[in-house]
S.K.: 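Below is one structure. I have some questions about it.
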Amino acid sequence: MSAWEVVIGLEIHSQLATKSKIFSGASTAYGAEPNTQACLVDLGYPGVLPVLNEEVVHMATMFGLAVNASVAQRSVFARKNYFYPDLPKGYQISQFELPIVEHGELFITDADGNEKRIGITRAHLEEDAGKSIHEGLGKSSGIDLNRTGTPLLEIVSEPDIRSAKEAVAYMRKIHTIVRYLGISDGNMQEGSFRCDANISVRPEGQEEFGTRAEIKNLNSFRFVEKAINYEIERQIELIEDGGEVVQETRLYDSDKDETRSMRSKEEANDYRYFPDPDLLPVEISADYIEAVRAELPELPDAKQHRFVDEYGVKNDDAAILTISRPVADYFEAAAKATQANAQTVANWVVGDLSGALNKDGLDIGESKVSAGELAGLLTRVHDHTISGKIAKQVFEAMWAGEGSADDVIEAKGLKQITDSSAIEAVVDKVIAANPGQVAEYKAGKEKLIGFFVGQVMKETQGQANPGQVNQILKTKLSG
Ligand code: ADP
Ligand code: MG
């Protein structure tokens, strides 16, 4: 049995967060009653004309610059002709030969932990189609045209991806970038961010690509990974059993965790693309592009490197902290407001804070402990008012709404005991109560020190300063 190499290219559809549609003034808001947000242009009435929404050009330009691509000073809208009930015009306005963005790239971390470049072939602007509705309509189907004309940026990767995990890493990176730029809400449940995955396999070492199958409309990172892995196995099994992969479009059924054929290449459409005569070419100047470049926010990779350089945060933590701008902003605000070390802040944001948010199903913007409040708590650990362990207890109380760290420490009397005579008294008590262990310790079983520390901490409800406890114990036990 030969070894197989997997080849994957993704086509990601990212809905652009404009208020109105790409060629009409109708609203793009999600969730309205069916067919209440489609105007005559979206419905494809004769005699109406599309007018380009300038904002989508701005957004596509931002994206192009963010992925180090070239932004075309001239791009052209084309008609992609096909019939479908949710497409009343009989064509979709897209870009074909001259897209607005070409030759970009981004970097992911591969399975070996190395940085890997994935090429972005192009990103073009297009309008979304409507939706067919089958549920709750008996034997009939309904058509909802609210989504018709919603702006999409279709981002096409080079076939540089080599595993399902890399595909997910790439898609997450695009997801992070579009949200940093504020050009898409990235809401996958609502279909604002979805992808088609093109997959083929070839014997390792073979230059030529194998025949690919395309899995349509994957709208969760988990489904992308599962669908691709299923498809890889299907293709390898098929070839090893003497069969051939046919070029076709497949659908992923998440209930059965399998992909099924939708249509083969023979049935595939010939779209008869041609430039849309109703729309002028989009011409933008070099100055315009430079002006957009100047207003780009700090991007995830740059922020990640800065968190490592400026704050000394571990690279893996910096990667997690920069997945979204609100998380990065929270971390940075807390790190600036505390005397504690920034890595400690990172540990808390990635650990306890994320845990509490997940448990309550909250976004960081809804956190019950603000960045300033977390900073206050960590300052109290830093200045030895409380131990790291007690800090967890204080955090829980803060999360439950019992006030600031200082309020909770005061109200519950959690201040660390640093008075050596008070600690000595407890140490004496513990030594007197455990003569057997004392004898063993003196006979050379030094790791019993942990037992004594534990007893003292128990006696003081965890409030004795651990460093002092250790030191006093050692002195007394060797005396
Ligand atoms: P189409 O227009 O038919 O969708 P494209 O040539 O534009 O085809 O490619 C679409 C996607 O398929 C791109 O992301 C590309 O990288 C990927 N792709 C092309 N050939 C292969 C292949 N043999 N195996 C896997 N992916 C491929
Ligand atoms: Mg395709």
Side-chain angles (χ1 to χ4, degrees), residues 4-14 63 67 69 75-76 78-82 84 91-106 108 116-126 128-129 152-175 193-218 224-225 227-236 238-239 244-252 259 261-274:
W4 296 95
E5 187 183 34
V6 172
V7 174
I8 302 168
L10 295 188
E11 294 164 276
I12 294 176
H13 287 94
S14 180
F63 178 79
V67 296
S75 61
V76 170
R79 290 187 182 179
K80 178 178 179 179
N81 300 282
Y82 65 94
Y84 207 75
Y91 60 87
Q92 176 193 23
I93 306 177
S94 182
Q95 294 187 312
F96 187 54
E97 280 168 339
L98 296 171
I100 186 157
V101 169
E102 276 187 294
H103 315 303
E105 62 182 6
L106 60 68
I108 59 167
K116 172 169 178 176
R117 177 186 184 277
I118 308 290
I120 293 173
T121 317
R122 55 189 273 150
H124 59 257
L125 288 164
E126 61 184 26
D128 208 345
L152 298 178
L153 187 66
E154 176 171 342
I155 304 153
V156 182
S157 85
E158 289 289 308
D160 290 344
I161 300 166
R162 291 289 171 271
S163 69
K165 283 223 159 24
E166 283 185 22
V168 171
Y170 167 81
M171 191 169 173
R172 279 192 189 281
K173 199 64 178 272
I174 297 274
H175 192 242
F193 194 83
R194 52 193 200 260
C195 90
D196 303 338
N198 295 268
I199 300 147
S200 65
V201 296
R202 62 180 169 187
E204 227 159 59
Q206 178 181 305
E207 189 81 22
E208 206 184 314
F209 286 147
T211 304
R212 72 183 145 124
E214 177 175 10
I215 311 173
K216 283 277 179 199
N217 259 326
L218 297 164
V224 168
E225 182 164 350
I228 291 176
N229 279 329
Y230 175 89
E231 185 58 22
I232 293 169
E233 260 186 56
R234 185 189 72 85
Q235 293 187 11
I236 293 175
L238 185 64
I239 301 170
E244 256 180 43
V245 175
V246 291
Q247 189 171 337
E248 64 182 354
T249 305
R250 299 177 71 86
L251 267 191
Y252 176 65
T259 64
S261 181
M262 215 167 111
R263 57 181 132 86
S264 72
K265 202 188 177 193
E266 286 74 53
E267 304 157 47
N269 297 298
D270 175 355
Y271 295 119
R272 310 251 160 181
Y273 279 99
F274 63 85

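Keep in mind that the numbers below use all heavy atoms, side chains included, and drop hydrogens, waters and symmetry copies. Just so you know, residue 1 is the first one in the sequence shown, and it goes up from there. Whatever order the structure lists ligands and atoms in, that order sets their numbers, starting from 1.
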S.K.: I'd like to know if the side chain of Glu214 reaches the main chain of Thr249, judged simply by a donor and an acceptor atom lying under 3.5 Å from each other, with no hydrogens or angles considered.
M.R.: no
S.K.: Kindly indicate whether a cation-pi arrangement holds for Lys80 with Tyr271, taking the cut-offs as under 6.0 Å to the six-membered ring centre and within 45° of the axis.
M.R.: yes
S.K.: Flag Arg212 as yes when one of its N or O atoms lies below 3.5 Å from any N or O atom of ligand 1, and as no otherwise.
M.R.: yes
S.K.: Number the atoms of ligand 1 from 1 as they appear, then name those within less than 4.0 Å of a heavy atom of Glu158, with their elements.
M.R.: 16 (O)
S.K.: So if I count the atoms of ligand 1 from 1 in the order they appear, which ones are less than 4.0 Å from some heavy atom of Val156?
M.R.: 13 (C), 14 (O)
S.K.: Which ligand 1 atoms does Pro159 reach within 4.0 Å, using its non-hydrogen atoms?
M.R.: 16 (O)
S.K.: Tell me, please, whether Tyr91 has Arg79 positioned over its six-membered ring: NZ or CZ under 6.0 Å from the ring centre and within 45 degrees of its axis?
M.R.: yes
S.K.: Could you list which atoms of ligand 1 come closer than 4.0 Å to a heavy atom of Val7?
M.R.: 24 (N), 25 (C)
S.K.: For Ile161, which of Ile228, Ile199, Ile108, Ile8 qualifies under side-chain contact (heavy atoms from CB on, under 4.5 Å)?
M.R.: Ile8
S.K.: Is Asp196 touching ligand 1 with its side chain, its backbone, both, or neither, if touching means heavy atoms under 4.0 Å apart?
M.R.: neither
S.K.: Is the Phe193-His13 ring centre distance short of 6.0 angstrom?
M.R.: no
S.K.: Can you name the closest pair of heavy atoms from Val246 and Thr211 and give their distance?
M.R.: C-CG2, 3.9 Å
S.K.: Would you indicate whether the side-chain heavy atoms of Leu106 and Ile174 approach each other to under 4.5 Å?
M.R.: yes
S.K.: Between the candidates Ser200, Ser157, Ala213, Gly210, which shows the shortest non-hydrogen contact distance to atom 16 (O) of ligand 1?
M.R.: Ser157
S.K.: Out of all atoms in ligand 1, which are within 4.0 Å of some heavy atom of Gly9? Include the element for each.
M.R.: 14 (O), 16 (O), 17 (C), 26 (N)
S.K.: Answer yes or no: does an N/O atom from Ile199 fall short of 3.5 Å to an N/O atom of ligand 1?
M.R.: no
